[in-house]
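By convention in this document, chain letters (A, B, ...) are assigned in the order of the sequence lines, proteins followed by strands, and residues within each chain are numbered from 1. Both backbone and side-chain heavy atoms feed into the values below; hydrogens, waters and symmetry mates do not.
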Protein chains: 2
Amino acid sequence: MFIGEYRHTLDDKGRIAIPAKLRYSKIGEEEYWVATKGFDHCLFVYPKNEWNVIVKKLNERLTLTRKEDRSFLRMFVSPANEQTVDKQGRIVISQSLREYARVKRDVVILGAINRIEIWSEENWNKYREENEKSFDSLGEKIADLGL
Amino acid sequence: MFIGEYRHTLDDKGRIAIPAKLRYSKIGEEEYWVATKGFDHCLFVYPKNEWNVIVKKLNERLTLTRKEDRSFLRMFVSPANEQTVDKQGRIVISQSLREYARVKRDVVILGAINRIEIWSEENWNKYREENEKSFDSLGEKIADLGL
DNA sequence: GTAAATGTGGGGAAAAGTGGTGAATTTTCC
DNA sequence: GGAAAATTCACCACTTTTCCCCACATTTAC
């Protein structure tokens with residue numbers, strides 16, 4: 001399971017190191033990772049097997065003939081990128097993904113149970129500020145989680 | 001599985017390179033590809049075997065007597081043409097397809113699971129802008145896929 | 001305090017993408 | 001039917017990008 005918040009840097013070649021704690025978590029020891037556009041202008045990064053579960057579900061439910069389905073496919077699946085980790089534990093973030101998430105150099109990486117999220121530092125700070133304020137009330141709005 | 005977003009160029013002869021990641025993906029190593037008109041004014045490009053699957057389905061489900069079926073067949077199957085890749089990994093996009101998708105020089109190529117899509121840059125930017133806005137809410141509609 | 005692991009930067013070889021030339025084939029026109 | 005024009009096709013060449021190493025600084029673990 002992926003948890004934790006990490007500050008890393010993206011180098012000139014678009015490479016970013018996956019935090020060791022995430023890289024070597026059980027769920028994360030895969031041959032490759034898949035990065036794609038996520039909600040709220042961050043990137044979602046899945047280990048191979050988790051990604052495959054999602055695509056399988058999507059394939060069952062999405063149809064070629066429905067407009068919304070095509071849109072979701074193009075927004076979520078098409079931008080995805082398979083990446084093997086290099087010897088230093090890094091993956092490459094493609095240019096279109098970097099643009100989408102507006103990441104330049106300083107990056108925040110979040111563990112999010114079955115995926116990793118990559119945020120530009122600016123976006124993350126803004127998001128965090130906004131949501132910390134309403135954290136308590138937020139708890140009441142979301143579904144009954146049985147906590 | 002085809003995934004990824006790529007920016008390529010179409011040359012004066014109508015040739016376009018299939019991104020290497022797509023060309024060499026398992027599903028993509030075929031003798032030839034089939035390009036045809038797709039939804040939303042882009043082009044759909046299938047590897048041989050995937051195209052055959054589509055045609056088989058159409059054959060089973062479309063009837064000669066229904067007006068809409070005939071129309072769909074003529075819009076989707078008739079404009080299709082087979083293309084072998086040259087030594088540089090390119091295929092030729094026929095003029096009528098180029099006109100349909102309004103592609104001139106700058107082109108965006110999308111991996112879309114079992115097909116590839118070719119967009120003119122302008123069309124893609126417009127489509128993306130319109131659909132990115134509703135991406136977050138769209139995700140909710142598609143609902144709990146465990147993303 | 002020392003050794004190992006982690007994160008960051010960079011260089012060189014290989015692959016990918018693009019543009020172009022000349023031969024072969026097809027089309028057009030008389 | 002045959003010659004000229006146009007188009008297509010199969011290579012070749014160049015530029016850019018990507019990939020695979022190696023090196024080093026910093027942090028973590030023992």
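Regarding contacts with the backbone of C:dG9, a side-chain N or O of A:Arg105 is found under 4.0 angstrom from either OP1 or OP2. Between B:Arg23 and the phosphate of C:dG17, there is a side-chain N or O to OP1/OP2 separation shorter than 4.0 Å.
The existence of a salt bridge linking B:Glu122 and B:Lys126 is excluded, since no basic side-chain nitrogen approaches an acidic carboxylate oxygen closer than 4.0 Å. Ion pairing between B:Glu117 and A:Arg74 holds under the 4.0 Å rule for side-chain N and carboxylate O. Using a cutoff of 4.0 Å between basic side-chain nitrogens and carboxylate oxygens, B:Arg102 and B:Glu121 are not scored as salt-bridged. Ion pair B:Asp106/B:Arg7 not flagged as a salt bridge, since none of the NZ, NE, NH1 or NH2 atoms sits closer than 4.0 Å to an Asp/Glu carboxylate oxygen.
If B:Lys21 and B:Arg15 are placed on DNA chain D by their nearest nucleotide, the residue sitting closer to the 5' end is B:Arg15. Remark on DNA chain D: of its neighbouring residues A:Asp86 and B:Val92, the 5'-side contact belongs to B:Val92, judged by nearest-heavy-atom nucleotide.
Remark: side-chain polar atoms of A:Arg15 are not paired, donor with acceptor, to backbone N or O of A:Ile93 under 3.5 angstrom.
Within the 6.0 Å centre-distance limit, the rings of B:Trp119 and B:Tyr127 are counted as a close aromatic pair.
Among the protein residues, A:Ile18 comes within range of the sugar-phosphate backbone only, with heavy atoms under 4.0 Å from sugar or phosphate atoms but none that close to a base.
For the helix from C:dG1-D:dC30 to C:dC30-D:dG1, the angle separating the two terminal helix axes comes to 40°, with each axis derived from five pairs and the value rounded to 10°.
Here C:dT8 presents its P atom at 13 Å from CD1 of A:Ile91, a figure rounded to the nearest Å. Here D:dA10 presents its P atom at 11 Å from CD of B:Gln83, a figure rounded to the nearest Å. Separating the CG atom of A:Asp106 from the P atom of C:dG7 is a distance of 16 Å, rounded to the nearest angstrom.
When each of D:dC20, C:dG17, D:dC12 is scored by its nearest atom to the side-chain atoms of B:Lys87, the top-ranked nucleotide is D:dC12. Here the side chain of A:Ala17 is nearest to one of D:dC21, C:dG7, C:dG17, namely C:dG7.
Contacts between residues 6-14 of chain A and DNA chain D, defined by a heavy-atom separation under 4.0 Å, are made by A:Lys13.
In this structure, B:Phe76 and B:Phe72 have parallel ring planes: the angle between them is below the 30° cut-off, well short of the 60° mark.
Counting distance only, with no hydrogens placed and no angle test, the side-chain atoms of B:Gln88 and the base atoms of D:dC12 include a donor-acceptor pair under 3.5 Å. Applying the 3.5 Å distance criterion, the base of C:dG19 shares a donor-acceptor pair with the side chain of B:Arg90.
Of the residues listed (B:Tyr32, B:Tyr46, B:Phe44, B:Trp33), the one engaging B:Trp51 in a ring-ring contact (aromatic ring centres under 6.0 Å, His included) is B:Tyr46, and it is the only one. Residue B:Val45 forms a side-chain contact (heavy atoms from CB on, under 4.5 Å) with just one option from B:Ile118, B:Ile109, B:Thr36, B:Leu22, and that option is B:Ile118.
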